[in-house]
Amino acid sequence: MRVFENHESEVRGYIRSFPTIFKTAKGAILTDESGDEFIDFFAGAGTLNYGHNNEHISKAVIEYLQNDGIVHGLDMATTAKKEFIQTFQNSILKPRNLEYVMQFTGPTGTNAVETALKLARMVKKRSNIVSFSNGFHGLTQGSLAVTGNNDYRDESYISRTNVSFMPYDGYLGDMNTLEYFRKFLSDSSSGLDLPAAVIVETIQGEGGINVASKAWLQELESLCHEYDMLLIIDDIQVGNGRTGEFFSFEFAGIKPDIVTLSKSIGGGLPMAMILFKPELDQWNPGEHTGTFRGNNLAFVAARVAMEQYWSSDDLTNAVKYKENILRKRLEEIAQKHPEYEIEVRGRGLAYGFEIKNDASIAGEVSAKAFENKLVIETAGSENQVVKFLPPLLIDEETLNEGINRFEKALEAVFVEKKERLTQEY
Ligand SMILES: *Cc1c(COP(=O)(O)O)cnc(C)c1O
């Protein structure tokens with residue numbers, strides 16, 4: 001750890017939550033330098049949906065390198081890119097009746113978000129964008145402006161104009177927050193500039209696994225049509241099968257104008273892209289460039305992931321099966337502790353366990369879980385939610401063992417809390 005403390009910036013983050021040196025990983029298991037094995041319920045914040053070092057992906061990538069396949073090609077035509085485009089078109093877009101143009105951006109999520117915002121503003125010739133409370137869209141300037149969390153926003157003295165925030169589904173209790181949004185749109189004196197687009201996550205990953213309902217998403221789509229605003233779904237964290245279906249919005253039957261994808265799309269390698277309706281394709285050639293828009297290794301990995309996991313419903317069914325196990329067990333654990341007002345919520349294999357009357361518990365549980373050899377993160381505005389994001393391919397036994405470790409950590413934290421309380425009196 002000294003090496004990192006002495007030479008790496010204070011900006012270090014996850015290394016502090018999970019203080020060991022990881023050396024190898026396979027599937028849902030991370031192994032550190034001393035040979036200790038950890039169950040991974042974090043999965044690179046949703047980057048490792050297909051697991052660490054997925055055997056099919058690794059094999060294809062190794063073969064590609066051994067055969068001197070193109071690794072870097074700017075956005076020139078390559079075999080790897082051609083095959084990815086064909087596979088994505090045939091196994092993802094076509095079966096879902098989605099007609100989208102693909103644009104490859106710089107390799108991280110925030111690059112895709114920046115591109116989506118730029119395209120929306122360019123096409124609509126308007127500068128305002130509407131984002132939602134607790135939304136997270138990345139940390140470069142444009143993406144940060146549509147991110148809600150003050151922890152990230154405060155230290156960046158950028159101009160945050162041209163963005164308006166609206167309450168996400170559930171933010172105001174039972175109130176339909178879209179009625180509030182609608183009022184702002186319909187009243188010419190509300191102060192809201194008609195936005196070029198609305199950007200939203202169907203489940204807010206960093207925001208605490210806040211789940212938008214089907215009805216809310218459908219109404220949001222109608223509102224966008226009514227007021228000529230583009231609907232951007234940021235599917236970076238909860239797309240790629242996280243909710244069972246490939247896209248997290250499929251269950252609502254909506255067709256966003258623009259979709260951002262990153263995290264798991266490259267099978268664990270850096271890759272990001274946006275999808276958009278053909279009529280929005282108003283770019284001039286080379287107008288939005290970037291040196292690493294074509295990570296060909298990621299194209300190979302992504303194609304193999306599509307071929308392997310998205311040519312049948314098997315993965316979708318497996319996610320739903322494992323979701324039932326996860327939800328049932330978390331609800332049982334929550335019911336044992338009515339005094340803590342626990343809420344369990346999620347969809348697919350993205351679940352949140354929020355301890356409502358004591359925001360500090362989630363962080364302590366994450367730390368204790370790490371001692372129990374479970375890697376699990378927190379989310380939410382006060383990090384008050386324990387976030388379950390296991391690889392989608394996790395086997396049932398490992399899933400259950402991970403939940404056991406979580407439960408043990410939670411019980412230990414509850415006992416410590418009670419001891420502290422009795423000592424105070
Ligand atoms: C992680 C994430 C991003 C940003 O991706 P980076 O690769 O960290 O830039 C954007 N939107 C959502 C929903 C995310 O979860």
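One-based numbering, in listed order, for ligands and for the atoms of each. Numbers for residues simply follow the sequence, beginning at 1.
- To the nearest 0.5 Å, the span separating CG on Leu315 from CG on Asn240 amounts to 10.5 Å.
- Heavy-atom contacts from other residues, nucleotides or ligands closer than 6.0 Å to CZ of Phe292 number 12 or fewer.
- Using a cutoff of 4.0 Å between basic side-chain nitrogens and carboxylate oxygens, Glu206 and Lys387 are scored as salt-bridged.
- A donor-acceptor pair shorter than 3.5 Å can be found between the side chains of Asn128 and Ser164.
- Residues Tyr351 and Phe388 keep their aromatic ring centres 6.0 Å or farther apart.
- At a 4.0 Å heavy-atom cut-off, the residues surrounding ligand 1 are Thr108, Gly109, Thr110, Phe136, His137, Gly138, Glu201, Asp234, Ile236, Gln237, Lys263, listed by chain and number.
- A ring-ring contact (aromatic ring centres under 6.0 Å, His included) with Phe246 is found for exactly one of Tyr309, Phe251, Trp310, namely Trp310.
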